[in-house]
Amino acid sequence: LAISLGVALSHRLSSPSSESLKKTIIDKCEAFIQNNKSSSANDCQKIWSAFEQAFVGKDPCNVPMEAYDLLIHTVIQDPVCNRMLFWSKTKKIVHDFTEKTDCFLTLEDTLVGFVMNGLTWCGKEESNETFTTGCPGWTDCVNNTVRSFWNRASAAFADAACGDVTAMLNGSIATPFSPTSIFATIEVKRFKAAKMKSLSVVLVTKENEGTTCDDPSLKDLQKEIDPKLKYNCKAVPESKIQDCISQPDTACGACW
Ligand code: APR
């Protein structure tokens, strides 16, 4: 009787989907710490609790990015000056690159970015449940649970930007510095000249086509950043980056 009561009670307190999201997040958090000893001061249980309080019981379209402040402050993350890599519309090639080489780190290579990458979650008003399906999509409402998380995590990543900073942008699209992207709306606006030396844009191009460093949107980017920061831009063929991905021992400075 005690066992079945216990089971019934635990089902009432948290649904199976809450339990599986919690397990996924704690497992990924612990795996990250295993592989990144510099993160070992983190407590995955504490991180889960801070994460959960951001959205449980709330309308999933009404979670502002500030709801994740506690989570961001709970995570202990050392900045890696000179190795931070920002990106926009280049998700696949950027992460293929950071996975194979040890040159740069993106938000998705930090604890909080790694743990949440690929996940969907939300809560519901007057409910203590956590859902992983039926949540609002990225553009369904501005303040949705998932989008606000990425906005807040991106803000923290940009706040920490130091030394020489790199951004990989897409030279195969009309507007590589897209004014509605997280990179433009959040990250660039938070770059601090007191901590940073330079911003280097790597414009990933298809062979001899697409946009160049003279693109008007990149001029806009240059205008956005503090004039005390050095700015440079280099168009790099995608094939060259692919070569570096397939020869991971290439020196970090030699890829572009
Ligand atoms: N629908 C679903 N997901 C979207 C959408 C959308 N309309 N727009 C953006 N996303 C999510 C996707 O996961 C996508 O891969 O955000 C990711 C990045 O979007 P991009 O438009 O490619 O780039 P950007 O908005 O600039 O965000 C990337 O923010 O995550 C940080 O530090 C990271 O510098 C990086 C930047």
Side-chain angles (χ1 to χ4, degrees), residues 28 32 51 60-61 63 65 68 71-72 75 77-99 103-122 132-192 195-196 198-205 210-211 215 217-218 220-222 224-225 229 231 233 238 241:
K28 282 178 89 175
F32 185 91
F51 170 68
C61 273
V63 174
M65 61 187 268
Y68 292 98
L71 171 66
I72 296 302
V75 176
Q77 183 78 51
D78 291 337
V80 280
C81 298
N82 307 316
R83 294 176 58 210
M84 292 170 80
L85 179 58
F86 293 80
W87 56 275
S88 195
K89 323 283 178 198
T90 49
K91 189 171 193 173
K92 176 140 180 31
I93 193 159
V94 161
H95 294 114
D96 286 351
F97 181 72
T98 60
E99 199 182 296
C103 303
F104 293 100
L105 270 105
T106 65
L107 170 59
E108 295 73 19
D109 302 303
T110 67
L111 193 149
V112 85
F114 172 83
V115 170
M116 306 310 169
N117 199 14
L119 303 180
T120 300
W121 65 89
C122 61
T132 52
T133 55
C135 297
W138 191 264
T139 53
D140 288 341
C141 43
V142 180
N143 283 328
N144 72 70
T145 325
V146 175
R147 188 166 173 169
S148 290
F149 165 78
W150 287 108
N151 285 343
R152 184 63 187 90
S154 302
F157 191 62
D159 285 340
C162 47
D164 295 314
V165 168
T166 307
M168 223 183 244
L169 304 182
N170 191 333
S172 302
I173 56 176
T175 315
F177 181 59
S178 161
T180 57
S181 65
I182 295 180
F183 181 62
T185 59
I186 295 184
E187 293 177 328
V188 167
K189 291 186 161 43
R190 299 177 84 120
F191 284 164
K192 289 172 193 67
K195 295 209 267 183
M196 278 170 59
S198 66
L199 176 67
S200 299
V201 170
V202 174
L203 188 64
V204 185
T205 59
T211 44
D215 182 78
S217 84
L218 295 176
D220 294 341
L221 167 57
Q222 212 177 335
E224 279 263 344
I225 62 170
L229 276 181
Y231 170 87
C233 174
E238 198 179 313
I241 297 172

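Both counts, for ligands and for their atoms, begin at 1 and track the order of listing.
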**Q.** Per-ligand residue contacts, ligand 1, heavy-atom threshold under 4.0 Å
**A.** Phe86, Trp87, Ser88, Lys89, Lys91, Leu107, Glu108, Trp138, Thr139, Ser154, Ser181, Ile182, Phe183, Glu187

Q) Which class fits the ring pair Phe183 and Phe191: parallel under 30°, tilted 30 to 60°, perpendicular over 60°? A) perpendicular

Only distances under 3.5 Å count here; give the side-chain donor-acceptor pairs of residues 157-167 to other protein atoms, sequence neighbours excluded, each with its distance to 0.1 Å.
residue, atom, partner, partner atom, Å
Asp159, OD1, Arg190, NE, 2.9
Asp159, OD1, Lys192, NZ, 3.1
Asp159, OD2, Arg190, NH2, 3.1
Asp164, OD1, Ser198, OG, 2.6

Q | Polar side-chain atom of Lys28 near backbone of Phe114 as donor-acceptor pair, under 3.5 Å | A | yes

Q: Could you tell me whether the side chains of Asn151 and Ser154 share a donor-acceptor contact shorter than 3.5 Å?
A: no

Q) Do side-chain atoms of Thr90 reach the backbone of Leu169 as a donor and acceptor pair under 3.5 angstrom? A) no

**Q.** Minimum heavy-atom distance between Val204 and Ile241, given as atom pair plus value
**A.** CG2-CD1, 3.8 Å

